Amino acid sequence: MLGALLPEVAAAAPLAPANELGDPMAGPATMMPMPTLAPASTDEIYQKWSAKRRKLQIQTGVSAGLAVALLGTGLLALFAPSVCRDPDPDFGCGEGYGRFFTAMTVLPASVVATIPAIVFGVRLHRHQKQRPVALQAGPGGFVLRF
């Protein structure tokens, strides 16, 4: 299968001598395919940057929303007033430890959920600093790129 693809690759890519690629054991100049890269336009660069920014915004928002929801649930379970009027432990509301145990389970989960929110927030901030700008310093002055 690989042998069938090699002629296509060799025909599609320009050829460069192997000894110019830094191989001292290549001997005489044998022709090997040389990869070609098309320069990316500024629109493509901005679209890639915007797509990554949007992804980081979504990740930050979802993880921060989950952390806030868990924190609110834990605090509500811990501090909300009780509406139980029947103190009988067998048939009434019981001893009332369920709310405390629920809060002590959900509050640490909210702390754990803040870690990805912080990580994604820092990544988003760093990504914002790497924003492609229209005015850049170039050879001989400033270059406007739209």
Side-chain angles (χ1 to χ4, degrees), residues 1-16 18-26 32-146:
M1 183 169 111
L2 185 60
L5 293 177
L6 287 178
E8 295 172 9
V9 171
L15 300 176
N19 57 4
E20 290 181 11
L21 297 175
D23 187 8
M25 302 300 287
M32 294 180 61
M34 191 168 119
T36 58
L37 298 174
S41 69
T42 55
D43 290 337
E44 291 175 11
I45 293 171
Y46 185 73
Q47 286 175 355
K48 287 180 183 178
W49 181 87
S50 296
K52 186 172 180 181
R53 176 176 160 250
R54 182 71 180 150
K55 179 181 174 185
L56 286 171
Q57 285 176 336
I58 291 170
Q59 290 171 334
T60 304
V62 167
S63 56
L66 179 64
V68 168
L70 287 171
L71 181 67
T73 302
L75 292 176
L76 185 65
L78 192 59
F79 295 115
S82 176
V83 294
C84 181
R85 303 281 185 235
D86 188 8
D88 184 19
D90 293 331
F91 298 107
C93 300
E95 295 182 11
Y97 294 124
R99 296 174 63 191
F100 176 74
F101 290 135
T102 302
M104 290 303 119
T105 303
V106 173
L107 287 175
S110 70
V111 173
V112 170
T114 57
I115 294 170
I118 292 169
V119 169
F120 289 131
V122 169
R123 285 183 186 176
L124 179 63
H125 177 70
R126 287 182 182 168
H127 187 69
Q128 286 289 107
K129 290 171 95 176
Q130 296 173 351
R131 180 180 189 161
V133 294
L135 182 65
Q136 294 178 341
F142 289 104
V143 178
L144 290 175
R145 296 185 177 156
F146 293 102

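Keep in mind it's a predicted model, so treat the numbers as computed, not measured. Below, all heavy atoms of this structure are taken into account, side chains as well, without hydrogens, waters or symmetry copies.
- Contact record, Leu70 with Val106: O-CG1, 3.0 Å, taken as the closest heavy-atom pair.
- Side-chain atoms of Gln128 and Trp49, non-hydrogen and from C-beta on, do get closer than 4.5 Å to each other.
- Interatomic distance, Ile118 CD1 to Ser63 OG, rounded to the nearest 0.5 Å: 9.5 Å.
- Rounding to the nearest 0.5 angstrom, the gap separating the CZ atom in Arg123 from the NZ atom in Lys55 is 9.0 Å.
- Atom-to-atom distance recorded for Thr114:OG1 and Leu66:CG is 10.0 Å, nearest 0.5 angstrom.
- To the nearest 0.5 Å, atom CG of residue Leu56 and atom NE2 of residue His125 are 13.0 Å apart.
- A distance-only check finds a donor-acceptor pair linking the side chain of Arg99 to the backbone of Ala77 [under 3.5 Å].
- We find the CG-CZ distance between Leu124 and Arg54 to be 11.0 Å, quoted to the nearest 0.5 Å.
- Judged purely by atom type and a 3.5 angstrom limit, Thr60 has no side-chain atom pairing as donor or acceptor with the backbone of Gln57.
- Minimum interatomic distance between Ala103 and Pro108 (heavy atoms only, all atoms of both residues): O-CD, 4.2 Å.
- A donor-acceptor pair under 3.5 Å is absent between the side-chain atoms of Arg131 and the main chain of Ser50, judged by distance alone.
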